[in-house]
Amino acid sequence: MVRNMFYGASPDLFSKAKQLRENMTLAEDILWQRLRKNQFGFRFKPQHPIDIFIADFYCNQLKLIIEIDGAIHQFQMEYDNGRTEELKNQGITVIRFSNDEVLNQIDLVEMKIRTVMEQLKEKFKTK
């Protein structure tokens with residue numbers, strides 16, 4: 001179970017993830033208020049270590065990562081695309097939203113997340 005959920009993440013990564021959880025960005029905190037306590041019907045974990053990465057939000061049941069991209073991400077698109085491909089190769093779906101989308105269109109972001117979750121529920125035959 002642990003291997004499947006963390007994909008061999010190192011102890012150092014767990015420590016860094018804890019720091020990130022304690023210092024979420026405004027956009028991450030806003031989305032977390034919507035995702036927490038199984039409000040979408042599935043458990044999400046914030047700042048979750050996976051392999052050599054830390055996912056902003058992760059749902060193990062659906063193998064779904066939600067990433068919130070700040071301004072820095074426009075300068076590291078190649079890295080982000082490579083990371084997404086690597087995670088995809090491990091059977092994980094990654095969806096991305098900008099800080100602006102979360103801050104200004106949270107209802108639309110939520111709708112998009114729910115749509116992807118429905119597709120993944122069908123894929124994993126999860127109730």
Run the side chain to side chain contact (heavy atoms under 4.5 Å, CB included) test against [X] and tell me which residues pass, sequence neighbours left out.
X	result
R114	F40, E110
E118	K121
K88	E85
I30	L26, V102, L103, I106

Inset, instruction - Under the salt bridge (Lys or Arg N to Asp or Glu O under 4.0 Å) rule, collect the residues that match up with D12, sequence neighbours excluded. - result: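 Expected list: none.
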
Taking the side chain as C-beta and beyond, is there a heavy-atom pair between [X] and [Y] under 4.5 Å?
X	Y	value
L35	L31	yes
E28	Q47	yes
D69	F97	no
D29	Q33	yes
I54	K16	yes
E101	L108	no
L64	Y58	no
I65	T93	no

Roughly how far, to the nearest 0.5 Å, is the [atom2] atom of [Y] from the [atom1] atom of [X]?
X	Y	atom1	atom2	value
D100	I68	CG	CD1	11.5 Å
K123	Q119	NZ	CD	10.5 Å
L87	I50	CG	CD1	6.5 Å
L62	I113	CG	CD1	12.0 Å
K112	R96	NZ	CZ	14.5 Å
T84	I92	OG1	CD1	10.5 Å

Legend entry - Least distance between heavy atoms, F42 atom then C59 atom: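 Of all heavy-atom pairs spanning F42 and C59, the closest is CB-SG, 3.6 Å.
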
Legend entry - Shortest non-hydrogen contact from P46 toward W32: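 Looking at all heavy atoms of both residues, the closest pair is CD-CH2, 3.4 Å.
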
Legend entry - Under 3.5 Å: donor-acceptor pair, side chain of K18, backbone of S15: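 No; zero donor-acceptor contacts below 3.5 Å.
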
Legend entry - Any donor-acceptor pair under 3.5 Å from Q39 side chain to R36 backbone: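 Side chain of Q39 to backbone of R36: a pair is present.
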
Inset, instruction - State plainly whether one hydrophobic cluster holds both I95 and M117, where clusters connect Ile, Leu, Val, Met, Phe, Trp and Tyr through side-chain heavy atoms under 4.5 angstrom apart. - result: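 Yes, I95 and M117 fall within the same hydrophobic cluster.
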
Legend entry - D107: partners by side-chain hydrogen bond (donor to acceptor under 3.5 Å, both in side chains), with sequence neighbours left out: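 For D107 the side-chain hydrogen bond (donor to acceptor under 3.5 Å, both in side chains) partners, ignoring immediate neighbours, are R34.
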
Legend entry - Qualifying salt bridge (Lys or Arg N to Asp or Glu O under 4.0 Å) pairs with a residue from residues 43-60, counting only residues at least two apart or across chains: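 The answer is none; no pair qualifies.
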
